[in-house]
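Everything on this sheet refers to the single structure shown next.
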Amino acid sequence: MTDILELISGLTRQAVQKTFGTDVGPLALEFAENAAHGDLTVNAFHLAKALRKPPPALAASLAAALSGQGPITKAEAVGGYVNLTLDRATLVDSAVRPVLDDAANAGRNNLLNGRSMLVEFSAPNTNKPQHLGHLRNNFLGDTVARILANAGAKVNRVNLINDRGIHICKSMLAYQQFGNGETPKTVGRKGDHFVGEWYVRFEKEFQLEVDAYIESNEAAFQSYFETHRLDRKGQPRVEADVRKEWRATFKEENFGKIPMGAAAQEMLRQWEAGDSSTVALWKEMNSWVFEGFDSTYRRLGISFDKIYYESEAYKLGRNLILDGLEKGIFSRRADGAVEIDLSDKGLGKKVVLRSDGTSIYITQDIGTTVAKAEEWKADGQIWVVADEQRHHFANLFAILVKMGYPWAGNLHHLAYGMVNLPEGRMKSREGTVVDADDLLDEVVALASEEIRRRDDQATDADIARRAESIALAALRFMLLKVLPSTTMIYNPKESIAFDGETGPYLLYTHARMTRMFAESGQSEHGGATKFDAGLLVEPSEIAIARVLLQFRQATERAARDYAPSAVAKWLVDIAQAANTWYQEVPILKAADPALRESRLVLAKAIAEAIAAGSALLGIQMVGRM
RNA sequence: GCACCGGUAGCUCAACUGGAUAGAGCAUCGGAUUUCUAAUCCGACGGUUGUGGGUUCAAUUCCCGCCCGGUGCGCCA
């Protein structure tokens, strides 16, 4: 059937053409926020430039031309706007039917038809378990992949695990020195947590050595003081301040001078040289971590088409740079380092190969990006990575453009802000990092309590199953309803308070609607044939129809802006409209059988729309709360 | 110093990329329940959109200055 929005848009375009003799092309309609402004609005200000007439006059002529056309029962000019009111029955019918026919399709759009997109996300390190920030990353990546697929793109999702480098050597070293051959199995610990604890142990032991070194090396401070005794303006500084600064920077700058640091560096050298016992230990500890990651991903409902490992990918890119050097894209400095000048892109010069010829971080990223584009035949790539790395990605993209890849203009860094707690910032040094698994357990426990309070008949197994779903919905919705770029505060208590704009609110609304339908004794199909939109004339029913019509607009915007929050917002709108309706209007108890039937069908449509929208956010419905 | 991100109701967040009276949720206060599942609904209260200019018929949105917070600016990752 013809989409009613396209129909009205077409009528408006025709009206403009007929009245002013100019075709202004497809017209965008706005949904009226205020019921007093009708259902849809044509903004005459936007037409004013093309038609060179004052907006109020335009609006008046358009209103006259549109009134009575098709389903438009009233067209009223107010200032520079034309407010359209649609025939109630047509409005309701055209909003509900598509959802009943195919709810998933009602929210589908074709913004990215024919495109092939690659979404890279998660990217954990193997030295510790995932934390709250990874949850935001995982949910964003997974959801954006769903939203792009919903917009018609072929989407593949990949993960690049950082399994090499000094950080994993720290865990390995502490384990080697203090582990006594324990394994996750012997101590009954999840593998990634187990390895993470050895990382913490390293930091602790290392800090003891640092403290000792600082205590016994006053001479080291004195030499630092010599070179830092004056401030920027050349004024003498207070010694205590300099000492504080020295302590703060000491650890990083003297890593290799401290025994544990030196040992970790040596271990990295051995790993790179392929030393068999080092590699064996590395493999064993990584396998523990991967086991832990697997179980977390499974629990979160996150999956990947492929997982890459930096240990296999870190050498990529070097040859591309050398090729580019011959072509003159890169240049060799006097000291031997290879660099590229990005000043025409508003960036500086960027080194891409060290003077000793070895790779750096961006070299690897150039290599993996090219490899991924080829492997997946992707004409666009997205990275879900924290916003601290904006500059890195700006460099990466600018370099790839200069290298001339046809897809280089189609790369996007989906930068997201930090997630903080109400108590303040998460800091690994202060042990205030929230572990992802622990957090989920906490939310599940709270959900279980709620269920138990309301349902004393449920078995433990049943409660556990329901609590898991509700907790996941709560967590996912909380993290996705905020724009990615926003530095957000996650309040665990609020997320388990099941009222307001929450996942459980959606689940509850859905359960209410489906349960009513089930209790009515109607078969799944057949009801729709008796659906009579003309009977649904209550304001709360019209309101629902208007929200349903905005489904596609929400998914389009989500795909265009990589903003799951657009879908989340729409879900809250439809749930609110549904609950208001439920409160104000008898449905199962409606006296007239035909009316009862039509309302039940509406309830079904609402439930399916909520399920479809939630599915885009990776949120599964539950049978009962 | 330079660049980027942000500053909107007491709190957490929106505002369809320049459009109508800046909207939700939480919190607070007042109402609705012999229920169709009240994990709900209705109402009230709450704003000089950090600040000062500018552009525009129209600015939370664009431009410039300033203030505050955050993050970057490596031959680290």
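Letters go in sequence order (proteins before strands), and every chain restarts at 1.
- As judged by a 4.0 angstrom heavy-atom cut-off over every strand, A:Phe31 is placed among residues making no nucleic acid contact.
- Residue A:Arg599 is classed as having no contact, given no heavy-atom separation below 4.0 Å to the nucleic acid.
- Contact annotation for A:Ile587: base contact, defined as any heavy-atom pair under 4.0 Å involving a base atom.
- Counting any heavy atom pair closer than 4.0 Å across all strands shown, A:Ala394 reaches no nucleic acid atom.
- Judged by Watson-Crick or G-U wobble contacts below 3.5 Å, the nucleotide B:A20 has no partner.
- At whole-Å resolution of the value, CG in A:Leu506 and C1' in B:G25 are 13 Å apart.
- Taking atom P in both B:G31 and B:U12, the straight-line distance is 30 Å, to the nearest Å.
- Residue contacts shown for A:Pro54 are absent, as no nucleic acid heavy atom lies under 4.0 Å away.
- Judged by closest nucleotide on RNA chain B, A:Arg624 is the one of A:Arg624 and A:Ala575 placed further toward the 5' end.
- Residue A:Thr358 is out of contact with every strand shown, counting any heavy-atom pair closer than 4.0 Å.
- With both ends at atom P, the span from B:G74 to B:U55 equals 40 Å, rounded to whole Å.
- In this structure, A:Glu556 reaches neither bases nor backbone, as no heavy-atom distance under 4.0 Å exists between it and the strands shown.
- Residue contacts for A:Asn491: at a heavy-atom cut-off of 4.0 Å it reaches no nucleic acid atom on any strand shown.
- Look at NZ on A:Lys569: it is 19 Å from P on B:U12, rounded to the nearest Å.
- Geometric assessment of A:Arg164 against the ring of A:Tyr314 yields a positive cation-pi assignment under the 6.0 Å and 45° thresholds.
- An aromatic stack links A:His37 and the base of B:A20, using centre distance under 5.5 Å and interplanar angle under 30°.
- With hydrogens and angles ignored, a donor-acceptor pair under 3.5 angstrom links the side chain of A:Asn83 to the base of B:A20.
- For A:Ser565 and B:A14, a side-chain-to-base donor-acceptor distance below 3.5 Å is absent, hydrogens and geometry of angles not being considered.
- Nearest nucleotide to the A:Ile489 side chain, out of B:C76, B:A20, B:C13: B:C13.
- Pair assignment for B:G69: B:C5, on the basis of Watson-Crick or G-U wobble contacts that are both within less than 3.5 Å.
- Looking at heavy-atom distances under 4.0 Å, A:Leu483 makes contact with sugar-phosphate atoms alone, never a base.
- Looking at heavy-atom distances under 4.0 Å, A:Ser355 makes contact with a base.
- Using a 4.0 Å heavy-atom distance criterion, A:Arg515 is classed as a base contact.
- Using cut-offs of 30° and 60° for the angle between ring planes, the A:Trp383 and A:Phe397 rings count as tilted.
- Base engagement by A:Val585 is indicated by at least one non-hydrogen atom pair under 4.0 Å involving a base atom.
- Within 4.0 Å (heavy atoms only), A:Glu339 reaches no atom of the nucleic acid at all.
- Taking the C1' atoms as reference points, B:U49 lies 16 Å from B:C68, given to the whole Å.
- For B:C4, the base has no donor-acceptor partner in the side chain of A:Glu388 [N/O atoms by modelled type, under 3.5 angstrom].
- The residue A:Asp387 sits apart from the nucleic acid: no heavy atom pair falls under 4.0 Å.
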